[in-house]
Every structure is written in C-alpha cells, then in structure tokens.
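Note: hydrogens, waters and symmetry copies are ignored here, and every other heavy atom, side chains too, is used.
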Amino acid sequence: MIETGTLADYLDELLDTERIPDYPGAVNGLQLTNKSPIRKIAAAVDFSSRTIESAIREGANLLLVHHGMFWGGVRPITGSHFRRLQSLIQNDVAVYSSHLPLDCHSIFGNNVLLSSELGLTPEGEFAHFKTISIGVRGHTNIPTLELVERASRFASLHGGQVVVSGVTESAVTKSWAICTGAGASSETLEEATAAGVDTLIVGEGSHWTAVEAQELGLTIIYAGHYATETLGVRALAEHLAERFSIDWFPVHAPTGL
C-alpha cells in the first residue's frame, strides 16, 4: 500500500498538474486527504453521493474523479454537501480530481483514448485553451455514418446515446477532431472550420451548435459528456493499480447526458 500524499505527488507529476491551466472549480489534485494508506481505488467521472456510496461499499479509500468536489463552485457545507463530506471522513476516503490535466494527457487522456476507441489515429492538437490543447485531430477516409455507428456502440456501453447534426447518407469523414465533455462551443466550431475539419466528435454542446454545424457544413457527433469522459479515470486507476500493487474498480454512474 502507498500513503495518500505520496500517491497524490506521483499523480501531480504524472499529469503535470501544476502547469496545466483549468477552470476555477476544477481544483486539480488531492481535494481531501485521509489517514490510512491507499488499499483500493474507485474510479468515477463525477464526485457525487452515488460514487461515494459505491466507493465505500466496495471498500475503496481513494475516490479518483474527473469532476471534483468543487465543480459547482464554493457553497456552504450544509445539506447534501455536508452529508457527502461526512461520509468521506467517517469512512476515511480520500478524493483526488483531475480535469483538464487528464483530458489532454498523451497516454491517459480522454481525447487520445476516445480516438483509439473509435479507430482513429491522432495527428495533431485541437481545442486550444490558454497554453494547452485539450483535444486531438487527424485524417481518415471512412463513411461518416460508419463513424457514427462506432460512436453509438461506444456510448451505449457507457450509458449514453449518440446525437448527430449535419450528416448525410453519402458523407465521408476525411478530417476529424475530438474534444470530449462539453466540447461543442463557439471556439471549437471556429477552430474546426479553420482547420478544414468535416467531422467534430464531442460529448455535448448547446442547441445552437447543432444549428450552426449545418450552416458550416460540419458534422457534429455528440457522444455524451459522461460517456466520453469515462476512459481517462479508468486508465489512470488501472495504471496506479499495476504500479503500486493495489486494487481498483470502475464506478458506473451515468448521468444521461
């Protein structure tokens, strides 16, 4: 077993946590410590009562998540917020969260792993944010509906459902880009258009992005926010389990989005 602080330091270095910029609510790194060495890891997309209960039930004392304890911003520790914290402390469960550092990682990143799941090979960066690129892009030559089918099979395995905008039966994907999670935005649509991308694969996006996609002649495959971000935490937990000889398990808690 390994001490929580030592494991957190290892993750911070592996994910380059200090260097990667992020949104204020991300608070990447160790968000809650505990007393005992890590014996089992629960890997989940979201910090929630469901994932905490699963971790406790399975005997895990580290909850590794993509969206952490402070995702909704600073709030009073009352009601459900108090109950979650109480459960963690009473059961000596630590919480480590990694958002954009995990999204953009070259090995354990959600975007790289999703491209592999879809049979695509990244050739370059995509979805620039401050000093980093979150997503990936590349070239292929397959019927777009085949790519939609691949995404549909993937999403269904992770509690999601694909929605597609701007596709025709004869469409062929030659240039693609991926940005998992809330990947459809004015910035990514503009970047995709400038790069000559014809198919954008994301987790979710606002309604207007589907309308704009048709105006731009761009196909957007919305494969689910939750589904597209299941891969990173699981790959990372598996890596930790192998390196430090500890157990891990995936928490399946789809949101429907």
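- Linking ILVMFWY residues whenever their side-chain heavy atoms come closer than 4.5 Å, directly or via other members, places L200 and V163 in the same cluster.
- By the 30° and 60° cut-offs, the orientation of the rings of H99 relative to H67 is tilted.
- In this structure, the side chains of S115 and T121 stay at 4.5 Å or more apart for every pair of heavy atoms.
- Within the 3.5 Å criterion, the main-chain N or O of K174 finds no donor-acceptor partner in the side chain of N141.
- The two residues T17 and G29 have their closest heavy-atom pair at CG2-N, 4.4 Å.
- Inter-residue side-chain proximity for L189 and I220 is flagged as met; some heavy-atom pair is nearer than 4.5 Å.
- Evaluation of the side-chain hydrogen bond (donor to acceptor under 3.5 Å, both in side chains) rule for T51 yields S48 as partners, not counting sequence neighbours.
- No continuous path of ILVMFWY side-chain contacts below 4.5 Å connects L231 to I20, so the two sit in separate hydrophobic clusters.
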Enumerate, atom names and distances included, each donor-acceptor pair closer than 3.5 Å involving a side-chain atom of residues 75-90, sequence neighbours excluded.
unit_1: H81; atom_1: ND1; unit_2: R84; atom_2: NH2; d: 2.8
unit_1: S87; atom_1: OG; unit_2: R83; atom_2: O; d: 3.1

W176 and L120: CA distance, side-chain angles, deciding distance, side chain to side chain contact (heavy atoms under 4.5 Å, CB included) verdict: CA-CA 9 Å; W176 57 269; L120 302 172; 3.6 Å; yes

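- A distance-only check finds a donor-acceptor pair linking the side chain of Y222 to the backbone of A210 [under 3.5 Å].
- The two residues S165 and Q214 have their closest heavy-atom pair at OG-NE2, 3.5 Å.
- Side-chain contact between S186 and W208 is present, with heavy atoms from C-beta onward closer than 4.5 Å.
- Closest heavy-atom contact between A127 and T188: CB-CG2, 4.2 Å.
- At distances below 3.5 Å, not a single donor-acceptor pair connects side-chain atoms of D198 with backbone N or O atoms of L218.
- The shortest side-chain heavy-atom distance between N110 and L113 does not fall under the 4.5 Å cut-off.
- Looking only at distances, a side-chain donor or acceptor of Q31 sits under 3.5 Å from a matching main-chain atom of M69.
- A donor-acceptor pair shorter than 3.5 Å can be found between the side chains of D22 and N28.
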Kindly determine whether T209 and S206 satisfy side-chain hydrogen bond (donor to acceptor under 3.5 Å, both in side chains), including the steps that lead there. CA-CA 6 Å; T209 62; S206 300; over 6 Å; no

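- Residues R137 and E125 form no side-chain contact, since every pair of their non-hydrogen atoms from C-beta on lies 4.5 Å or further apart.
- The line from CZ of F126 to SG of C179 is 6.5 Å long, rounded to the nearest 0.5 Å.
- Side chains of Y96 and T4: no donor on one and acceptor on the other come within 3.5 Å.
- Judged purely by atom type and a 3.5 angstrom limit, T255 uses its side chain to pair as donor or acceptor with the backbone of L257.
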Run the side chain to side chain contact (heavy atoms under 4.5 Å, CB included) check on I178 and V202 step by step: do they pass? CA-CA 6 Å; I178 293 178; V202 301; over 6 Å; no

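- Remark: side-chain polar atoms of T228 are paired, donor with acceptor, to backbone N or O of G224 under 3.5 angstrom.
- Remark: the backbone N or O of A253 is paired with a side-chain donor or acceptor of Y226 at under 3.5 angstrom.
- Shortest non-hydrogen contact noted between V251 and A44 is CB-CB, 3.9 Å.
- At least one side-chain heavy atom of L236 sits under 4.5 Å from a side-chain heavy atom of L15.
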Under the side chain to side chain contact (heavy atoms under 4.5 Å, CB included) criterion, do E187 and E190 qualify, and how do the steps go? CA-CA 5 Å; E187 291 81 10; E190 181 179 343; 5.9 Å; no

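- Between R57 and E53 no salt bridge is recorded (no basic side-chain N to carboxylate O distance below 4.0 Å).
- Pairs of residues two or more places apart, or lying in two chains, never qualify as salt bridge (Lys or Arg N to Asp or Glu O under 4.0 Å) while including a residue from residues 227-252.
- Exactly one residue among T168, T219, T173 makes a side-chain hydrogen bond (donor to acceptor under 3.5 Å, both in side chains) with T144. That residue is T173.
- Y23 and F129 have their aromatic ring centers within a separation under 6.0 angstrom.
- The number of heavy atoms from other shown groups lying within 6.0 Å of CD (Q161) does not exceed 12.
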Decide yes or no on side chain to side chain contact (heavy atoms under 4.5 Å, CB included) for V93 and I56, but give the supporting numbers first. CA-CA 8 Å; V93 179; I56 294 170; 4.2 Å; yes

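- Hydrophobic cluster membership differs between F249 and I41, with clusters built from Ile, Leu, Val, Met, Phe, Trp and Tyr side chains linked at under 4.5 angstrom.
- With hydrogens and angles ignored, the 3.5 Å screen pairs no side-chain donor or acceptor of H158 with any backbone N or O of G160.
- Shortest non-hydrogen contact noted between P122 and V136 is CB-CB, 3.9 Å.
- The line from OG of S133 to CG of N111 is 10.5 Å long, rounded to the nearest 0.5 Å.
- In this structure the side chain of L240 reaches within 4.5 angstrom of the side chain of L11, judged on heavy atoms.
- Taken together through direct or relayed side-chain contacts under 4.5 Å among Ile, Leu, Val, Met, Phe, Trp and Tyr, L145 and I221 form part of one hydrophobic cluster.
- Transitive grouping of hydrophobic side chains (ILVMFWY, heavy atoms separated by less than 4.5 Å) keeps L62 and F70 in distinct clusters.
- By the 4.5 Å heavy-atom criterion applied to side chains, H66 and L102 are counted as neighbours.
- For the 3.5 Å distance criterion, the side chains of S36 and N61 qualify, holding a donor opposite an acceptor.
- Nearest heavy-atom pair across A155 and A227 is CA-CB, 4.2 Å.
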